[in-house]
Amino acid sequence: MEVVICKTREEASKLAANMITAAVKKNPKLVLGLATGSTPVLMYTEMANAVKAKKVSYRQVKSWNLDEYVGLAGTHDQSYRYFMNENLFKKIDIKLANTHVLNGLAEDVDKECRAYEAQIKKAGGIDIQVLGIGSDGHIAFNEPGTSLKSRTSCVYLTPSTIRDNARLFFKGKEKDVPTRALSMGVGTICEAKKCILLAFGKGKADAIKGCVEGPMSQFCTASALQAHNDCWIFCDEAAASKLKLKKYYAWRSATKLGI
Ligand code: PGA
């Protein structure tokens, strides 16, 4: 696990975007795993800027998103499909038909989840998976108590995630946040060839501590990434503030990145 610690979230987002831009330039048919939430927005803006500047093209890239709320249509302004269209897909030259988000309205959710995994497999697997982290240490919607080998399935949100999501989205109304979601599993995520996790602010410090230095435990599902051999954590100083070896991580990752 490499932990890149930046002074600002802007700087961290730029470095993470540069890593993705370079990977797409090297392999124009890259398969991306994408995340929603407030955290990746700046990185998505940087990725769009690179397209605008003609540094890279996503015309042949395919993407699969981590999760979607059960009960929301893709046209709902709080759905993750809508979020992705607005925050990334409309701003880059990816073909909408090559972007995939789980269907929150699927009648047979198990079938939907199985089909999603099959699609990813058929595409050759995810090359780079983008991740945020919940304040309770979740990745995608894999809440505490989820098997570290879980596969894409219908999951149940914790009260703290519902609170976090209402604060940032749903106009602050907790009662409007769906209590269930379809989510890639921890095992599914860990099969990506490379993972890039972003975390900003002191509200993420405990989660990052658990992810990087905690025991590998289903209590903090992000800790499963400790067993991944190409995982990059891009965070600001506040999110990294509780790490015991933060100076060492910062020096090592900066050396590897040549920054
Ligand atoms: P956030 O959510 O980016 O809005 O903080 C992250 C997550 O819950 O994975």
Side-chain angles (χ1 to χ4, degrees), residues 20 23-24 27 29-37 40 58 60-74 76 79-85 88-89 94-134 137-158 161 178-197 211 216 218 220-232:
I20 294 177
V24 176
N27 174 12
K29 293 186 174 178
L30 200 83
V31 178
L32 271 178
L34 296 170
T36 50
Y58 286 75
Q60 298 181 82
V61 168
K62 290 183 178 160
S63 75
W64 274 265
N65 259 78
L66 287 171
D67 42 21
E68 179 61 284
Y69 291 113
V70 166
L72 296 195
H76 190 288
S79 74
Y80 283 170
R81 158 55 77 181
Y82 187 90
F83 178 98
M84 289 310 301
N85 288 351
L88 184 66
F89 300 150
I94 198 165
K95 290 183 183 146
L96 214 53
N98 284 342
T99 69
H100 306 81
V101 182
L102 283 149
N103 177 9
L105 292 184
E107 266 180 37
D108 184 338
V109 292
D110 293 336
K111 194 171 158 199
E112 170 71 10
C113 293
R114 275 197 307 275
Y116 203 68
E117 292 242 354
Q119 286 172 3
I120 294 171
K121 202 170 172 189
K122 198 171 164 207
I126 305 265
D127 292 307
I128 299 183
Q129 176 66 59
V130 175
L131 296 162
I133 186 169
H138 69 219
I139 43 173
F141 270 134
N142 295 294
E143 300 285 33
T146 304
S147 160
L148 300 186
K149 289 188 173 171
S150 65
R151 309 302 306 183
T152 305
S153 66
C154 181
V155 300
Y156 294 76
L157 275 49
T158 58
T161 295
T179 54
R180 291 185 302 152
L182 302 184
S183 174
M184 273 192 206
V186 184
T188 319
I189 292 167
C190 289
E191 282 170 8
K193 291 168 195 110
K194 181 192 278 289
C195 289
I196 291 180
L197 184 148
C211 168
M216 201 194 290
Q218 63 173 9
C220 171
T221 55
S223 67
L225 296 167
Q226 289 172 19
H228 196 285
N229 62 10
D230 193 9
C231 177
W232 290 76

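As the structure is a prediction and not an experimental result, all values here were calculated from the model.
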I need the minimum non-hydrogen distance between [X] and [Y], along with the two atoms involved.
{"X": "Ile139", "Y": "Ala222", "result": "CG2-CB, 3.8 Å"}
{"X": "Cys113", "Y": "Cys154", "result": "SG-N, 4.3 Å"}
{"X": "Thr221", "Y": "Asn142", "result": "OG1-O, 2.6 Å"}
{"X": "Leu66", "Y": "Ala35", "result": "CD1-CB, 3.7 Å"}
{"X": "Leu34", "Y": "Ser63", "result": "CD1-CB, 3.6 Å"}

Would you find a donor on one side and an acceptor on the other, under 3.5 Å apart, between the side chain of [X] and the backbone of [Y]?
{"X": "Glu143", "Y": "Thr158", "answer": "yes"}
{"X": "Ser183", "Y": "Phe141", "answer": "yes"}
{"X": "Ser223", "Y": "Cys211", "answer": "no"}
{"X": "Asn98", "Y": "Lys95", "answer": "no"}
{"X": "His228", "Y": "Ala192", "answer": "yes"}

Quick check for you: to the nearest 0.5 Å, what is the distance between [X] atom [atom1] and [Y] atom [atom2]?
{"X": "Phe83", "Y": "Asn65", "atom1": "CZ", "atom2": "CG", "result": "9.0 Å"}
{"X": "Glu117", "Y": "Lys122", "atom1": "CD", "atom2": "NZ", "result": "15.5 Å"}
{"X": "Ile189", "Y": "Ile126", "atom1": "CD1", "atom2": "CD1", "result": "9.5 Å"}
{"X": "Leu72", "Y": "Leu105", "atom1": "CG", "atom2": "CG", "result": "7.5 Å"}
{"X": "Asp110", "Y": "Ser153", "atom1": "CG", "atom2": "OG", "result": "8.0 Å"}

Problem set entry | Test side-chain hydrogen bond (donor to acceptor under 3.5 Å, both in side chains) applied to Thr146 - qualifying residues, sequence neighbours left out | none

Exercise. Taking only residues two or more places apart in sequence or in another chain, which ones pass side-chain hydrogen bond (donor to acceptor under 3.5 Å, both in side chains) with Asp127?
Worked result: Lys193

Problem set entry | Intermediate values then yes/no, side-chain contact (heavy atoms from CB on, under 4.5 Å), Asn85 and Leu96 | CA-CA 8 Å; Asn85 288 351; Leu96 214 53; 3.6 Å; yes

Any side-chain heavy-atom pair from [X] and [Y] closer than 4.5 angstrom?
{"X": "Thr188", "Y": "Val186", "value": "no"}
{"X": "Tyr82", "Y": "His76", "value": "no"}
{"X": "Ser79", "Y": "Glu68", "value": "yes"}
{"X": "Leu131", "Y": "Leu225", "value": "yes"}
{"X": "Met184", "Y": "Gln129", "value": "yes"}
{"X": "Ile128", "Y": "Trp232", "value": "no"}
{"X": "Arg180", "Y": "Leu157", "value": "no"}

Exercise. In a check of ring pair (Phe, Tyr, Trp, His ring centres under 6.0 Å) between His100 and each of Trp64, Phe89, Tyr80, Tyr116, which one passes?
Worked result: Trp64

For this session: Quick one: do Thr161 and His138 satisfy side-chain contact (heavy atoms from CB on, under 4.5 Å)? Show the steps, please.
Result: CA-CA 9 Å; Thr161 295; His138 69 219; 3.2 Å; yes

For this session: Give me the one residue out of Leu102, Asn103, Val101, Thr152 that meets side-chain contact (heavy atoms from CB on, under 4.5 Å) with Leu182.
Result: Leu102

Exercise. Side-chain donor-acceptor pair under 3.5 Å between Ser147 and Gln218, yes or no?
Worked result: no

Problem set entry | side chain to side chain contact (heavy atoms under 4.5 Å, CB included) partners of Glu191, counting only residues at least two apart | Arg151

Exercise. Checking side-chain contact (heavy atoms from CB on, under 4.5 Å) for the pair Val130/Leu197: CA distance, chi angles, key distance, verdict?
Worked result: CA-CA 6 Å; Val130 175; Leu197 184 148; over 6 Å; no

